[in-house]
Amino acid sequence: MYNLTKVTDLADPALAPYVRLTEAQLFHAHKDQRPGLFVAESPKVIERALRAGYRPVSLLVEEKALQRDLADLDHEMTVNHTGGLGQTPIYVVTSDLIRHFAGYNLLRGALVVMNRVQRPDLADFLAGITVEHPRIAVLERVVNPANVGAIFRSAAALGIDGVLITTDSADPLYRRSSRAAMGTVFQVPWTYVDGQLWQRQGINLLHQFGYQTAAMALRHNTINIGDPQLDRVDKLAIILGSEGPGLRAKTIEQSDYTIKIPMAAGVDSLNVAAASALAFWELARRLDH
């Protein structure tokens with residue numbers, strides 16, 4: 001039996017995480033040292049979060065999609081040994097009410113509030129990547145949530161083994177990020193890197209763990225992403241910068257390579273999400289050393 005509550009008023013306190021709290025307020029929702037909360041939307045994204053072991057605090061479901069969504073989500077939780085929906089509060093709203101939610105055309109019936117999980121520090125994260133010839137991505141000051149989500153989607157599809165994201169970037173668990181990623185933020189291993197720590201010693205730490213770094217930037221010594229010397233790099237970190245100013249000068253100077261995507265005359269750059277897909281395709285192919 002599900003724990004259902006029909007809600008008819010957006011002012012209901014139970015809906016605060018869905019309609020009134022900002023992403024930052026959700027992030028800092030717990031006053032103790034536990035990670036905060038986040039909201040995920042659409043059944044596909046929620047299912048991928050459940051598979052990754054995230055637990056729902058509550059669900060909000062459109063009345064007309066209630067039976068379909070609850071059956072799918074309950075099954076997902078059961079097969080992943082998380083015990084089904086059980087007594088998880090489930091708030092049911094009408095189609096008229098859900099139209100007042102931001103982006104309601106994209107919701108496809110369901111939203112969920114979930115607890116965040118503790119992310120490992122940089123050293124522990126790198127130590128945990130044990131695949132042969134790993135390729136990871138680093139996102140430095142990528143502030144557009146849709147771009148962050150699109151990069152994760154490309155990372156999942158094109159063989160990236162992990163993602164580091166600086167804390168001055170958009171959060172991968174923002175609703176817009178996880179929606180653009182189609183839930184792949186719950187599939188690709190990733191962690192935060194404090195922005196100040198990254199500036200001071202991030203690349204040095206990557207070097208300590210055997211990674212060479214490739215900064216996507218245009219400099220006098222820039223090489224194409226298809227350059228054969230990159231194929232011989234055992235462990236490679238691909239660094240992508242902010243949508244406007246790009247990577248910091250210090251990041252470029254400390255990197256082992258600067259790399260570019262060959263383009264037609266008159267165009268010198270792509271959107272960071274599009275650039276990531278091309279770079280991942282070329283650089284994350286499994287190598288036979």
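Residue numbers run from 1 in the order of the sequence given.
- Inspection of the Ser177 and Asp171 side chains reveals no N or O donor paired with an N or O acceptor under 3.5 Å.
- Under a hydrophobic clustering in which Ile, Leu, Val, Met, Phe, Trp and Tyr are joined whenever their side-chain heavy atoms come within less than 4.5 Å, directly or via other members, Leu270 and Val142 fall into the same cluster.
- Proximity of Pro172 to Ile165: side-chain heavy atoms (C-beta onward) are separated by under 4.5 Å at one or more points.
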>> For a side-chain contact (heavy atoms from CB on, under 4.5 Å) check, start with the C-alpha distance between Leu164 and Ile136, then their side-chain angles and the critical distance, and finish with the verdict.
In response: CA-CA 8 Å; Leu164 304 176; Ile136 66 172; 4.2 Å; yes
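- Annotation for Arg141 and Ser169: closest pair N-OG, 3.0 Å, computed over non-hydrogen atoms.
- Contact between Leu66 and Val92 at its shortest, heavy atoms only, is CD1-CG2, 4.0 Å.
- Taking the side chain as every heavy atom from C-beta outward, Leu59 and Thr88 approach each other to under 4.5 Å.
- Rounded to the nearest 0.5 Å, atoms CH2 (Trp190) and CZ (Phe125) are 9.5 Å apart.
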> Under the side chain to side chain donor-acceptor pair (under 3.5 Å) criterion, do Thr258 and Asn221 qualify, and how do the steps go?
Replying inline: CA-CA 7 Å; Thr258 56; Asn221 60 345; 3.3 Å; yes
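- Note that the CD1 atom of Ile90 and the CG atom of Leu4 stand 5.0 Å from one another [nearest 0.5 Å].
- Defined by atom type and a distance below 3.5 Å, a donor-acceptor pair is missing between the side-chain atoms of Ser242 and Glu140.
- Between the Thr184 side chain and the Gln187 main chain, no donor and acceptor come within less than 3.5 Å of each other.
- Among Ile252, Leu240, Val138, the one residue that satisfies the side chain to side chain contact (heavy atoms under 4.5 Å, CB included) test with Leu247 is Ile252.
- Within the 4.5 Å cutoff, the side chain of Leu50 has heavy atoms near those of the Ile46 side chain.
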Show the atom names and distances, to 0.1 Å, of all donor-acceptor pairs under 3.5 Å that link a side chain in residues 271-281 to residues at least two apart or in another chain.
residue, atom, partner, partner atom, Å
Asn271, OD1, Ala273, N, 2.7
Asn271, OD1, Ala274, N, 3.3
Asn271, ND2, Asn147, OD1, 3.3
Ser276, OG, Ala273, O, 2.7

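- Between the CG atom in Leu230 and the CD atom in Glu282 there is a gap of 8.5 Å [rounded to 0.5 Å].
- A salt bridge is absent between Arg248 and Glu253: the closest approach of a Lys/Arg side-chain nitrogen to an acidic carboxylate oxygen does not fall below 4.0 angstrom.
- Looking only at side-chain heavy atoms (C-beta outward), Arg176 and Asn144 come within less than 4.5 Å of each other.
- Between Val113 and Pro17, the shortest heavy-atom distance links the atoms CG2-CB, 3.6 Å.
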> Hey, mind stepping through Thr8 and Val93 against side-chain contact (heavy atoms from CB on, under 4.5 Å) and telling me if it holds?
Replying inline: CA-CA 7 Å; Thr8 58; Val93 297; over 6 Å; no
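- Considering only heavy atoms from C-beta on, Gln229 comes within 4.5 Å of Ile223 through its side chain.
- Pairs engaging residues 200-209 under the side chain to side chain donor-acceptor pair (under 3.5 Å) rule: His207-Asp256 [sequence neighbours left out].
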>> Checking Asp227 against Lys260 for the salt bridge (charged side-chain N to carboxylate O under 4.0 Å, His left out) test, could you report, in this order, the C-alpha distance in whole Å, the side-chain angles of both residues, the deciding distance, and whether it holds?
In response: CA-CA 10 Å; Asp227 193 297; Lys260 68 178 179 180; over 6 Å; no
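- The backbone N or O of Leu139 lies less than 3.5 Å from a partner atom in the side chain of Thr166, making a donor-acceptor pair.
- The shortest heavy-atom contact between Arg175 and Tyr18 is NH1-O, 3.5 Å.
- Rounding to the nearest 0.5 Å places OH of Tyr174 at 13.5 Å from CZ of Phe38.
- With hydrogens and angles ignored, the 3.5 Å screen pairs a side-chain donor or acceptor of Lys250 with a backbone N or O of Gln199.
- Hydrophobic clustering (ILVMFWY, side-chain heavy atoms < 4.5 Å, transitive): Val112 and Val117 are in one cluster.
- The closest side-chain heavy-atom distance from Ile239 to Ser255 is below 4.5 Å.
- Thr213 and Gln254 make their closest contact through OG1-O, 4.3 Å (heavy atoms, listed as atom of the first residue, atom of the second, distance).
- Taking CG of Leu37 as the reference point, atom CZ of Phe27 lies at 11.0 Å (rounded to 0.5 Å).
- In this structure, CG on Leu236 lies 7.0 Å from CD1 on Ile259, to the nearest 0.5 angstrom.
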>> Run the side-chain contact (heavy atoms from CB on, under 4.5 Å) test on Leu10 and Leu97 for me, step by step, so that the C-alpha distance in whole Å, both residues' side-chain angles and the decisive distance to 0.1 Å come before the verdict.
In response: CA-CA 8 Å; Leu10 289 176; Leu97 192 63; 3.7 Å; yes
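- In this structure, Gly183 and Val45 approach most closely via the heavy-atom pair N-CG2, 3.8 Å.
- Cluster annotation: Tyr211 and Leu197 are assigned to distinct hydrophobic clusters (Ile/Leu/Val/Met/Phe/Trp/Tyr, side-chain heavy-atom contacts under 4.5 Å, transitive).
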>> Using the rule given for side-chain contact (heavy atoms from CB on, under 4.5 Å), can you reason through Trp198 versus Leu206, listing the C-alpha separation, both sets of side-chain angles and the distance that settles it, and then say yes or no?
In response: CA-CA 10 Å; Trp198 169 253; Leu206 288 170; 3.8 Å; yes
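- Inspection of the Asp96 and Thr94 side chains reveals no N or O donor paired with an N or O acceptor under 3.5 Å.
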